[in-house]
Amino acid sequence: MSIKYSLNDVLIESGVRDFREIAICADWTPTDKHKTKMEKIFNSADGRVSGRLKSILAAAAAAAIIFGVLAAIKPVRDGVASFFSGLFTKPAHTVTDTDTTAQTHVTEPDTAAETTAPDTAADQAGAELPDDARGLIDYMVRNGVSTAAWKKLRECGDGVDVCLDMLKTEEYGTVTCICSAFVSSRLYNELKYGVGWSTATANMAPYLYNELASGDMCPTVYMSECAQHLREYFSENVTTEKLHQDYPVTSKVLSAYGGEYDDVYDPKSKTAAENIRRLCDFKYDEKVHKALLNYEAFEYCAKAYFTETDIKARAVMSVVCAEYIRNRCDDGKASKSSLPLKLLLGEQGYTKLFTCGGEILKMSRVDEEAENYSQWLDAFVSDLKAAAQFWPESVFEAELTELHALLDNAGFTGYRVPPQRDDEIISAINDAISLYNAVSFGAAAEGWCDHETGYRERAEEGTPMTAEMLEHLAPFYTYNGDQPRLYLEEVTLSPSTRGYGEWLGHYCGVLPEDVVRRLLRDTPRFIIIGDSVYLNVFTTEGTEYYHALQGTLGYVSGQDGKIVVTAVVSRRFEEYSYESFELEDGGGALKLVGGTFYEKYLMTDPEKITRTKAAECVYEVLKAYSSLYNGDVSVAASAEECTNSALFADPGYDRFGSGEREYYTGVYTGELALYEYADGGIADLMLSDGGPVSRAYHNGNDVIAIMPGAAEATVNLKQGPIYRISLIEFCDILKIESQTADTVTASLQLEREENGKTTVGTYTFELEMRENNYYGWRAILVGGTFLDLLSK
Amino acid sequence: MLLFMAETLDLPQRRKLERLYAQYGKKMYAAARRICGDLAEDAVQNAFVSIAKNIEKTDGRDDDGLAGYVIAIAKNEAYDLMRKTEKTEDIDSLPVTDPFSDPAERVFERDAFEAAVKLMRGMDDKYRAPLYLVCVMGMSIKEAASSLRLREKTVGVRVYRAKKLLADKLKEAGYEY
């Protein structure tokens, strides 16, 4: 690409990247002194600041405090983690309590705690600590974990009980974090300092597992050590049966960290389903593997295979079946075992699955009557087809001949295209993208437009070239039927080093001719004067949106003379989308003829374009509806910033009316598509006072505040929530009832949930194609039953 | 000082300042805290005094441009609070040729651009902040010096050195522009 950047671009980009990486001090609540100083900066000495502005500032301060509490979860969690990290790793000072209760004869490394948890501001201010455990936990949630508070909690006789109780009922992150850490630490010390097994130990043990699963604070070494202690206590005090029955989570801890612990885990006592899951969840275990090689397990696997969705479990099941058949039919010659399951469970599971499949096929010759076998085989072939698309046929021909024959019989030809052709494919895709960049942003491919040595100049009035250029450009600058408005200062031209004939000749080899001709003709970025070509670079913003292929190719499957490729395409430095490319393989140059990139950016079928535009409109309106009614608003930066932004917003703030209100806010990231896609008054209606949302304008961003009471309706498609469906998928879902050149009527079945009641109905969408100077052609929602819904 | 600043702003300007605080205050605080710890709040306050002085320079800036600006100012104030005395810059070697005489001129290919961004992010803020103010915010050396509370000559030298540093490092890494 010949796009170039300036020193200013470097400075801005580096500033933006820095800015993005700065993590907000979410736990910072401005001090009174700071607030006073900032108010002095903001407020005028003559009192010209309105009362409303003052109320905004006050509300902002309040919101900051509220948000500070909410955002404190992570810092507090970090604080607790830090606290315990020190507690677990520093040498412990043993203190032995004399109480006889399970909770109080625990020892704790007091000094370690004291050195790792500084007193909080509240402690330093001499705040009185609550006396009871619940009060202390609440205190730590509010003020952070301090040595004094922790010590006092430890001194509470019912500390562990209260924590266990709160862990059962509380979902609030900080509470569970503190309680879980407290319980774990007590258990750790109870085990470590040998106070013996107790019911409390067993009750506390599950939280070891939770701690580890959350990845928050317990180092693996600590877990292992705890598991070791637990094993010792269990072996001395608890029967295996009791462990399984009464303490399943503890048993899981031991399974995960116990290594071989025969007394605790006996595979024979497990069902096949449990053993399969055990292999999938944890790690390879020879005993479990062997336990699965029986008829009951085979029968279970052969049946469950069809409904199992976890690919890992399916792989295990396939091996179990294969090995069972093999063992049963072994005539003594094929005495070597099939591939061990532990290999199958590795990263190259698919490769092993293939090999196992070969084993299965061999066995099938002598055991074709095995129960469910043919069904199982069909399903296996189906899986095999899906997997084989990622492998070149040559691999199958050379190494997996049995499977190759099987796939041949099934009529499969969609193997991965040989990697040797990847460069050719990448080159073809890059070529197609480069034409898109040229006609969309005036950014030609390397060697096609020399921005560096060629001149870049602004068009000047009165020259013959300008006259021709104006003639070319005028249609693109017509707006709402007005006379063409073209400001020459908006036009910056770079001459192409190739003539129009060369452009046409080259790119017709990359894309269908009608596509190329239309792209080169219908754009203000590509100006043809005689055979000369000029790229209209337009604005600096435009050049930053160019597209480029990123990384390596994903899925590369070839079938019936076509190659289908998936790859990541970048836009504007850091935006990425996953696109597909369908290339025609005529034996010579590859030509892009389909796929999502082609359909979204290059396609020429006017009817299809209209349908896609219609789908895009409905898609955006539904997303907007869901967002606005559901309160599910994407937030540009952080909720905190948005809260403040909304409260500072002006003049939209007035739309909310007056008085104290609660707000959920977000910076506009597309939710207000109703303004762009729905007929004018609807958006205003929705956004008016009393509607579900309110909107304000702030510093270039729309800020919306959702009134909680009104956020109660959602619409979902049969296929799932709209946000989980891509536009390309949605194009197929939307039913087009009728279509003309500039109108579309479509329908869609929607599940609408309001006030807890769900109704299913078919809604219609009447759309009109309209041209906008900024967005180009776009479908606008102008009628239909869904619009009526919005108007209610 | 603070009151004086407030009186020189009209209502829209004050509102703009408030919005900047709402939008960037926490990040400014975070950036400053890394440098001057507990003095971060003071740094933010001082930064806003400085921004207020040049509030008109923020007109027409997009969020990207403003983000870099406010963070640069906050960091500078944080450094300012940290240093006891301002060292006098060596001004003997004033620029002979400016490596980037026109900061808006598009001279970097994509790879050089990425390298330059990386270098810029690693550059000492004492060089980067003046460069940002002068090149991106369009301030004169005098205005930048006022914002950064540095002498004009110091700012001039730092702007030059920042450019030279970038140019030299790029050249060293084999990038041409």
**Request:** Please name all residues satisfying side-chain contact (heavy atoms from CB on, under 4.5 Å) with A43(B), sequence neighbours left out, ordered by chain then number.
**Result:** A32(B), C36(B), E77(B), A78(B), L81(B)
**Complete:** Residues L11(A) and Y132(B): closest non-hydrogen pair is O-CE1, 3.5 Å
**Request:** Check side-chain contact (heavy atoms from CB on, under 4.5 Å) between L119(B) and all other residues, then give those that pass, not counting sequence neighbours.
**Result:** L166(B), K169(B), L170(B)
**S6(A) to P103(B) - nearest heavy-atom pair and separation** = CB-O, 3.2 Å
**Item:** Region of K163(B) in contact with chain A, defined by heavy-atom distances below 4.5 Å
**Value:** side chain
**Item:** Proximal component of E41(B), with respect to chain A [non-hydrogen, under 4.5 Å]
**Value:** both
**Message:** I need the residue from M123(B), K118(B), E105(B), M28(B) with the largest number of non-hydrogen atom pairs under 4.5 Å to chain A.
**Reply:** E105(B)
**Asked** What are the two closest heavy atoms between F100(B) and L7(A), and how far apart are they?
**Response** CB-CD2, 3.7 Å
